[in-house]
Protein chains: 2
Amino acid sequence: MYDRAMDTADRLVTSTQELLWERGYVGTSPKAIQERAGAGQGSMYHHFRGKPDLAAAAMRRSAAELRAQAEGQLAGGGTAVASVGAYLVREREPLRGCRVGRLAMDPEVVASDELRAPVRDTFAWLCGRLSGIVADGVATGELRPDLDPQDTGAALAAVVQGGYVLARAAGDREPFDRAVRGALGLLRAAAADPSS
Amino acid sequence: MYDRAMDTADRLVTSTQELLWERGYVGTSPKAIQERAGAGQGSMYHHFRGKPDLAAAAMRRSAAELRAQAEGQLAGGGTAVASVGAYLVREREPLRGCRVGRLAMDPEVVASDELRAPVRDTFAWLCGRLSGIVADGVATGELRPDLDPQDTGAALAAVVQGGYVLARAAGDREPFDRAVRGALGLLRAAAADPSS
DNA sequence: GTCTATAGGTGGATAGAC
DNA sequence: GTCTATCCACCTATAGAC
C-alpha cells in the first residue's frame with residue numbers, strides 16, 4: 001500500500017502501472033488495484049470510469065516515462081554506434097519484461113484503439129529515433145551506405161523486446177545480455193571501417 | 001467446434017493451443033476451451049487434471065510443432081546468411097504473435113516450472129541452432145571472425161520475437177518485416193567479404 | 001466417457017448512505 | 001470523496017448420475 005500523502009487518483013494509477021507490468025491487462029483486476037493502492041471501490045469508480053479508463057491513464061504514464069528514459073540514453077551525442085550502444089546496454093531488469101511492450105501481447109489491449117495507442121506511439125517513436133541515428137551514421141560515413149536506416153532501426157528496437165522474451169523464457173537474464181551484445185556486435189561490423 | 005471424428009482429448013488440446021496463442025494462459029478459461037472443443041466439463045476433467053495440466057500438454061505440442069517448422073527452415077544447407085535468411089523471412093502472421101514466445105510474458109507460466117519448461121526449451125534450442133549456424137559461418141570464413149556466435153544467435157532469435165511486439169503494437173505487419181530485413185542486412189554487413 | 005448439478009470465489013460495476 | 005451493500009456473470013473445480 002502506498003503513502004497516504006500521495007493523491008488517491010495518483011496511487012491508483014501507480015498501482016495500475018505496476019500490475020499491468022507484472023500481470024498484463026487481462027491478468028489485472030480492479031480489486032487487486034484497489035488493494036495495492038489502499039483505496040476502496042468507491043474511490044476508484046469516483047476517479048475513473050472503470051478498468052479500461054484507469055488502465056489507459058496508467059499506460060499513458062508508463063509510455064511517457066519509458067520515452068523520457070530512452071531519450072536520455074539516446075541523446076548522449078557521439079557516434080551512432082555509441083548512441084545505440086548506450087541505449088542497448090543501459091541498466092535493465094530483463095526478467096520483469098518491458099512495461100510497455102508486454103501489453104502488445106494482450107488481446108484486449110490490441111483490440112482497443114484507446115488502449116493500444118500509447119503502445120503504438122511508443123514504438124513508432126522509438127523506431128523513428130533509432131532509424132534517425134542510423135541514418136546519421138550512414139550520412140557521416142560511420143556506417144556502410146547500403147544499410148537501410150528504417151529496417152536497421154526496427155531490428156534494434158526488436159532485439160530489446162525479443163531479449164525480454166528470451167530472458168523470461170530462460171528464467172535468467174543471460175539471453176537478454178547476449179542478444180543486446182550480439183546486436184551491437186553486428187552494428188559494429190556494419191561500420192564502414194570495422195576497425196573503429 | 002472441431003470435427004467429432006477427432007479424439008476428444010485431442011480436440012481439447014488443439015483448442016487450448018489456439019486459445020493460448022490468442023489470449024495467453026491467464027486469459028484462457030476452461031469454459032472457453034470446452035466450448036471450442038465441443039466437449040463438456042466432465043470430458044475435460046476426465047482427460048486432464050485441470051487447466052494447468054491441459055495447458056502443459058498444449059504447450060508441449062505447440063513447442064514441438066514450432067521446432068519442427070523452424071528446423072525445416074534452418075536445415076536448408078547453403079551459407080550461414082542463406083540459412084538464417086530462410087528462417088527470418090519465412091512466411092509468418094506477425095499480428096498473431098509467436099504461439100510459444102507470447103507465453104513467456106504470462107505471469108503464471110513463468111511462475112510454474114512445468115508450464116515454463118516447453119518455452120524455455122524451445123528458445124534454448126533455437127538460440128543454440130542459430131549460434132551453431134553463425135559459428136559455422138565464422139569457421140568457413142563467410143562471416144567476420146570477431147563475431148561472437150552465441151551473442152549473434154541470441155540477437156537473431158530476439159529480432160523475430162521483438163518483431164512480433166512491434167507489429168502488434170502498430171496493428172500492422174510492416175515493422176516485423178522491417179526488423180527481419182534489418183537483421184539480415186546487418187548479418188550481410190558482417191560477412192567477411194560484404195560484397196557477397 | 002460424458003452429462004448435469006452444485007459450489008465458493010472472483011470480475012467488473014452500480015447504488016446509495018455518509 | 002469514500003464507504004458498504006448488492007448484483008450477475010464467470011472461473012475453476014468436484015460430485016455423482018447415466
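Quick note on labels: first sequence line is chain A, next is B, and so on, each numbered from 1.
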Return the value, rounded to whole Å, for the distance between atom CZ of A/Phe48 and atom C1' of C/dT14. 18 Å

Could you please name the option among D/dG1, D/dC11, C/dG1 that lies closest to any side-chain atom of B/His47? C/dG1

Distance col, row B/Leu20:CG vs B/Arg61:CZ, nearest 0.5 angstrom, shows 12.0 Å

Rounded to whole Å, the CG-P distance (B/Asp53 to D/dT12) equals 15 Å

CG-CG distance between A/Leu186 and B/Leu147, expressed to the nearest 0.5 angstrom: 5.5 Å

Rounded distance [0.5 Å steps], OH in A/Tyr25 versus CG in A/Asp106: 8.5 Å

Angle between the two end axes of the helix from C/dG1-D/dC18 to C/dC18-D/dG1, five base pairs per end, rounded to 10 degrees? 0°

Which pairs, with at least one residue in residues 171-184 of chain B and sequence neighbours excluded, count as a side chain to side chain donor-acceptor pair (under 3.5 Å)? A/Gln150-B/Arg178, A/Asp151-B/Arg178, A/Asp151-B/Arg181, B/Arg173-B/Asp177, B/Glu174-B/Arg178

Go along nucleotides 13-18 of chain D 5' to 3' and tag each nucleotide: B for a protein heavy atom under 4.0 Å from its base, S when only backbone or sugar atoms are that close, - otherwise. BB----

What is the separation between atom NZ on B/Lys31 and atom C1' on D/dC8, rounded to the nearest whole Å? 12 Å

Give a yes/no on whether any side-chain N or O of A/His46 is located under 4.0 angstrom from OP1 or OP2 of D/dC3. no

Could you work out, with ring pair (Phe, Tyr, Trp, His ring centres under 6.0 Å) as the rule, every residue matching B/Tyr164, not counting sequence neighbours? B/Phe176

Separation of atom CD in B/Gln34 from atom P in C/dG1, rounded to whole Å: 18 Å

With a 4.0 Å cutoff (strictly under), does any side-chain N or O of A/Ser43 reach OP1 or OP2 of D/dG1? no

Checking side-chain polar atoms at under 3.5 Å, does B/Arg36 have a donor or acceptor matched by the opposite partner on B/Thr14? no

Side chains of residues 74-90 of chain A: which donor-acceptor partners sit under 3.5 Å, not counting sequence neighbours?
residue : atom : partner : partner atom : Å
A/Thr79 : OG1  : A/Ala82 : N            : 3.0
A/Ser83 : OG   : A/Gly77 : O            : 3.2
A/Ser83 : OG   : A/Thr79 : O            : 3.2

To the nearest angstrom, how far is B/Leu19 atom CG from D/dC11 atom P? 11 Å

Distance-only donor-acceptor pairs under 3.5 Å for side chains of residues 115-125 of chain A, two or more places apart:
residue  : atom : partner  : partner atom : Å
A/Arg116 : NH1  : B/Ala169 : O            : 3.1
A/Arg116 : NH1  : B/Ala170 : O            : 3.3
A/Thr122 : OG1  : A/Pro118 : O            : 2.7

Atom pair distance, as rounded to whole Å: CD1 in B/Ile33 and C1' in D/dC10: 14 Å

Could you state the atom-to-atom distance from OH of A/Tyr25 to P of C/dG11 in whole Å? 13 Å

OP1 or OP2 of C/dT2 versus the side-chain N and O atoms of B/Thr8: is any pair under 4.0 Å? yes

What's the separation between atom OH in A/Tyr45 and atom NZ in A/Lys51, rounded to the nearest 0.5 Å? 9.5 Å

If you compare every side-chain N and O of A/Ser29 against the phosphate oxygens of C/dT10 (OP1, OP2), does one of them come in below 4.0 Å? no

Interatomic distance, A/Glu108 CD vs D/dC10 C1' [rounded to whole Å]: 13 Å

